[in-house]
Amino acid sequence: MTNTHLPMLLSRESGEALADQIVRSVAARIDERLLRPGARMPSIRQFATAHGVSAFTVVAGYDRLVAQGYLESRRGAGFFVRERAVAEQRTPAPTPARERAPATLDVAWLIRSMFRQAPLHLSPGAGVLPSDWLDGAAVANALRALSRQNSSSLMNYGAPQGFLPLRQQLQLKLAEIEIEASPEQLVMTLGVTQALDLVAREFCQPGDTVLVDDPAWFLMFGSFAAMGLKVVGVRRLADGPDIAQLAQLAELHKPRLFVLNSVLHNPSSTSLSAAKAFQVLRLAEQHGFTVVEDDIYSDLHPGGATRLAALDQLQHVIYLGGFSKSMAANLRVGYIATSSERAQRLADRKMLATLTTSDIGERVVYKVLSEGHYRKHLDRIRTRLDAVRPRALRRLEQLGMRPDPAPAAGMFVWVDAGRDTNLLAAQAMQEELLLAPGSLFSPNQLPSTYMRLNVATLQEEGVWAFFEKAMKQA
């Protein structure tokens, strides 16, 4: 088969890399059927000579075209246009949002909606800050610095307990909030999600009871249930759990764990009082359960909050933290702080599940933390949240939505809309807008008039236009 004649104009003045121009031009000719499947491409040398570019540039272009499924490489024969009958099958266009049947409003629905490939237009129910609020430049700089290091360090598995310099940095970070934890007491995880999973699997057996805040982070309900655990909610008040109910449920169910947010609780942004913290620890000792303190939102708090782990020094408390809410969700870097003996057990269980966590992600977080920019970044986020929160609360109240309670810090507000928020969320989805109805935040999953809103995402007038219309409807 003779080589395909491939007239092409490459420009060094366009600002586009020559390899990019080759990929774009060849791909366009294949998509337009100007190059037919099976046609042989010019050899690397022929292409380079004909177009006045280096062989390395042609190799880079051809390799990317192979990776994208446009060409195939045949050993000793050259490069050929690949048959793309399967690749050319177009994905059916999605049914317009207004014509879709309402989805079942459960935890899986909310997670699917959050992770759609085509992002929703507006997401006031989202659990993360908008990307433009985060310090993408610091993460990008850390990645670039990492790429310039000895590449052999990036090719191997990480350490079972996690990147040691990061654990040493976290020792300093935790000491600032009066939690004493050596690097041997820290285990890095794939976010707090994996941390909760590891702790539950290590300390519980099928049939055991786990107590949780009610309302609380919805994902753990399904995760614990899938392990065969019984999930029981403890009513969350403005200053922490309902202690009388906690005592009653602990006596009745003999729980293995009690999982709670002490600082900037999700979804209410309330924090634990010192009095409640001492009472929780007293009940934990009395009834023999372990407290799991999920402190993922702690960096958004202005300071001075009470931590159970600081009072208990990791005796009856396992402390969880991470950086998905304040640095970058995509890094998936979290950690567990506990006793040295428990940390070793959890590291062993982690190895059985995933071997190690991403050493690259942990090195990036270490770079950001150790260079000192993170503290200023947090100050900017907190200042920005403090600026938008009062305006959002006023507008919600004007529409007849009652914050309960009105938060003084954090990104979330727990709002009583006075109507079934499952129906409100279904209506919102028809308009490409994501809400988080209150039913998802309770282990019982019962209909609720509450919903969680993210004040950082309440800056778009389209959100308020929807709420104004929806709240006027009967």
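Start at 1 with the first residue, then count along the sequence. It should be emphasised that the depicted structure is a prediction, and the values quoted were computed from it without experimental measurement.
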Using 4.0 Å as the upper bound for N to carboxylate O, is an ion pair formed by [Y] and [X]?
X	Y	result
Glu16	Arg24	yes
Lys173	Asp299	yes
Glu176	Arg375	yes
Arg64	Asp20	yes
Asp295	Arg307	yes
Arg235	Asp214	no
Arg382	Asp386	no
Lys469	Glu431	yes

So do the side chains of [X] and [Y] get within less than 4.5 Å of each other, counting heavy atoms only?
X	Y	value
Phe218	Gln445	no
Val317	Thr338	no
Trp464	Leu399	yes
Pro437	Leu423	no
Thr421	Ser439	no
Ser324	Val192	no
Val455	Pro124	no
Leu260	Val212	no

Quick one: does any side-chain atom of [X] pair with a main-chain N or O of [Y] as donor and acceptor, under 3.5 Å?
X	Y	value
Lys276	Pro241	yes
Ser358	Gly361	yes
Ser123	Gly125	no
Arg419	Gln473	yes
Ser370	Tyr366	yes
Asn141	Ala137	yes
Ser147	Arg144	yes
Ser25	Ile22	no

Can you find a side-chain donor-acceptor pair between [X] and [Y] that sits under 3.5 Å?
X	Y	result
Thr189	Lys350	no
Ser262	Glu293	yes
Ser268	His265	yes
Tyr70	Asp31	yes

Does [atom1] in [X] sit with more than 12 non-hydrogen atoms of other residues, nucleotides or ligands closer than 6.0 Å?
X	atom1	answer
Gln459	CD	yes
Gln168	CD	yes
Asn330	CG	no

For [X] versus [Y], what's the shortest heavy-atom pair and its separation?
X	Y	answer
Val368	Ala138	CG2-O, 3.9 Å
Met411	Ser269	N-OG, 4.1 Å
Ala406	Leu393	CB-CD1, 4.2 Å

Go through the structure and list residues passing salt bridge (Lys or Arg N to Asp or Glu O under 4.0 Å) with Glu371, not counting sequence neighbours.
Lys367
For the pair Met401 and Asp416, evaluate side-chain contact (heavy atoms from CB on, under 4.5 Å) and give the outcome as yes or no after the intermediate values.
CA-CA 6 Å; Met401 298 184 188; Asp416 186 354; over 6 Å; no
Could you check Trp414 against Phe441 for ring-ring contact (aromatic ring centres under 6.0 Å, His included), going step by step and ending with a plain yes or no?
CA-CA 11 Å; Trp414 188 233; Phe441 292 85; 5.5 Å; yes
Taking the ring centre of each residue, are Phe412 and Tyr297 less than 6.0 Å apart?
yes
Apply the test side chain to side chain donor-acceptor pair (under 3.5 Å) to residues Asn261 and Arg236: give CA-CA distance (whole Å), side-chain angles for both, the deciding distance (0.1 Å), then the verdict.
CA-CA 10 Å; Asn261 293 133; Arg236 178 77 181 211; over 6 Å; no
Please verify the inter-ring angle class for Tyr374 with His377; under 30° counts as parallel, over 60° as perpendicular, anything in between as tilted.
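Correct class here is tilted.
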Which of parallel (below 30°), tilted (30 to 60°) and perpendicular (above 60°) describes Phe323 and Tyr335?
tilted
Set out, in order, the CA-CA distance, both residues' side-chain angles and the distance that settles side-chain contact (heavy atoms from CB on, under 4.5 Å) for Leu211 and Leu257, then state yes or no.
CA-CA 6 Å; Leu211 301 181; Leu257 304 174; over 6 Å; no
Under the side-chain hydrogen bond (donor to acceptor under 3.5 Å, both in side chains) rule, collect the residues that match up with Glu468, sequence neighbours excluded.
none
